[in-house]
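Computation of the quantities below employed the complete heavy-atom set of this structure, encompassing side-chain atoms and omitting hydrogens, waters and symmetry-equivalent molecules. Nothing fancy with the numbering, it's 1 onward along the sequence. Each ligand, and each atom within it, is numbered from 1 in the order the structure gives.
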Amino acid sequence: NYAIGIDIGGTKTAIGLVDQNGSVRVKTSLPTDQTITPEIMVDRMADTIKNMLVGEGLNESDVLGIGVGAPGPLNTKEGKIAEPPNLPSWWNFPVVNSLARHFSAPIRLENDATAAALAEKWLGAAKEAEHFVFITISTGIGAGIYSHGKLITGATGNAGDVGHFVVDPAAGTCVCGQKGCWEYVASGTAVARQASALLGREVSSKEAFDLAAAGDPMIGPLVQKIFQYIGIGCVTLINTFDPEKLVIGGGVSQVGAPLFDAVKAYVSKHALNPSGRKTPIVPAALHQDAGLIGAAALIHIPY
Ligand code: ADP
Ligand code: ZN
């Protein structure tokens with residue numbers, strides 16, 4: 001018995017067939033083409049899924065359901081994509097109804113960070129946890145919150161949009177109009193922007209972290225400040241949810257030990273309660289196919 005996972009991203013949409021143990025039996029991806037309408041994109045996804053089933057000698061009755069992970073803001077109550085900045089052509093698109101024109105299996109939609117959190121609970125770094133927060137630090141910052149053995153999704157599926165916690169009101173203006181949001185100062189995009197401004201040339205986030213590791217006198221202090229910002233957001237999450245652990249994923253988490261050590265040191269000083277100060281902070285276990293497995297988890301795992 002399989003779930004279809006669909007992970008809609010700004011540049012590509014991953015589609016796969018995932019079994020109840022979380023193994024990806026087959027997968028593919030389509031470019032998320034924003035020059036065509038989302039209806040036509042859904043037609044392409046449906047064709048892809050149908051071909052995939054035929055190719056595997058399966059039919060639709062072997063599919064338990066279709067899980068869709070998409071960037072927020074969305075509206076899971078209405079089954080719609082709401083206003084994701086990276087998917088302007090999809091705004092207000094009723095993706096669940098549109099898919100339901102092609103398939104009779106149940107369809108579930110959640111934001112991608114929420115789905116990734118469920119995947120970490122299912123197969124990854126939070127298997128034993130009843131209370132944890134998954135944080136993704138990538139193009140932006142998002143989180144999936146798991147508390148008392150359940151995902152906290154909110155009324156419309158937008159809980160966990162922690163990228164817009166204000167951590168430094170003296171910093172510049174975020175897309176949301178507030179100043180110094182967490183993702184404005186500490187996402188991969190933010191690292192690249194600030195490092196590029198300091199050096200007067202374009203540098204990527206990875207390059208900036210590499211320069212810091214090599215002792216660059218300008219970028220070293222910037223990266224220390226960014227680690228501190230990451231720590232500030234983590235302290236807020238620990239103080240709010242009292243989790244057993246924090247799981248950090250996303251491209252920036254690949255910086256590894258320097259980031260985790262700095263964030264743990266910050267948290268060990270500033271989380272309010274003594275147990276919170278000791279919160280384990282660990283890397284996500286799922287990288288490849290995390291989005292796809294998260295989408296499939298929406299079908300395989302009760303939440
Ligand atoms: P997405 O945001 O599309 O989900 P990623 O999770 O890969 O994609 O995040 C992309 C961001 O992470 C970019 O800002 C990129 O520069 C940064 N990034 C990716 N890999 C690394 C790395 N090894 N070290 C530091 N930053 C990275
Ligand atoms: Zn913001």
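Residues Val282 and Ile248 fail the side-chain proximity criterion, which asks for heavy atoms closer than 4.5 Å. A 4.5 Å side-chain heavy-atom check between Leu237 and Ile135 finds at least one atom pair inside the cut-off. Looking at heavy atoms from C-beta onward, Met52 lies in side-chain contact with Ile15 at the 4.5 angstrom threshold.
Nearest residue to atom 16 (O) of ligand 1 from Ala116, Ser187, Ser205 is Ser205 (criterion: closest heavy atom).
In this structure, Trp122 has its ring center closer than 6.0 angstrom to the ring center of His300.
The Zn ion (ligand 2) is closest to atom ND1 of His164 (considering only N, O or S atoms).
The nearest protein atom to atom 22 (C) of ligand 1, hydrogens excluded, is given as Gly251 O, 3.6 Å; this is a heavy-atom distance. Ranking protein heavy atoms by distance to atom 11 (C) of ligand 1, first place goes to Ser138 C, 3.7 Å. Scanning the protein heavy atoms around atom 3 (O) of ligand 1, the nearest turns out to be Thr139 OG1, 3.7 Å.
Note on Phe165 and Phe134: separate hydrophobic clusters, where clusters join Ile, Leu, Val, Met, Phe, Trp and Tyr whose side-chain heavy atoms are under 4.5 Å apart, directly or indirectly.
For Lys206, the NZ atom is loosely surrounded, since the number of other residues' heavy atoms within 6.0 Å does not exceed 12. With a 6.0 Å radius and a threshold of 12 heavy atoms from other residues, nucleotides or ligands, Lys50 has its NZ atom above the threshold.
Here's the thing with Gly140: none of its N/O atoms is less than 3.5 angstrom from an N/O atom of ligand 1.
Against a heavy-atom cut-off of under 4.0 Å, Gly250 is close to the following atoms of ligand 1: 6 (O). Heavy-atom contacts of Val255 reach the following atoms of ligand 1: 24 (N), 25 (C) (cutoff under 4.0 Å). Atoms of ligand 1 lying under 4.0 Å from at least one heavy atom of Phe209, given by number and element, are 25 (C). Atoms of ligand 1 found under 4.0 Å from any heavy atom of Thr189, numbered from 1 in the order shown, are 14 (O). For ligand 1, the atoms lying closer than 4.0 Å to a non-hydrogen atom of Gln254 are 23 (N). With ligand atoms numbered from 1 in the order given, ligand 1 contributes 14 (O) to contacts under 4.0 Å with heavy atoms of Gly188.
Using cut-offs of 30° and 60° for the angle between ring planes, the Phe93 and Trp90 rings count as perpendicular.
Vertex the Zn ion (ligand 2), arms ending at SG of Cys181 and SG of Cys176: the angle is 100° after rounding to 10 degrees.
Stacking of Lys121 on the aromatic ring of Tyr303 is not recorded, the 6.0 Å distance cut-off and the 45° axial limit not both being met.
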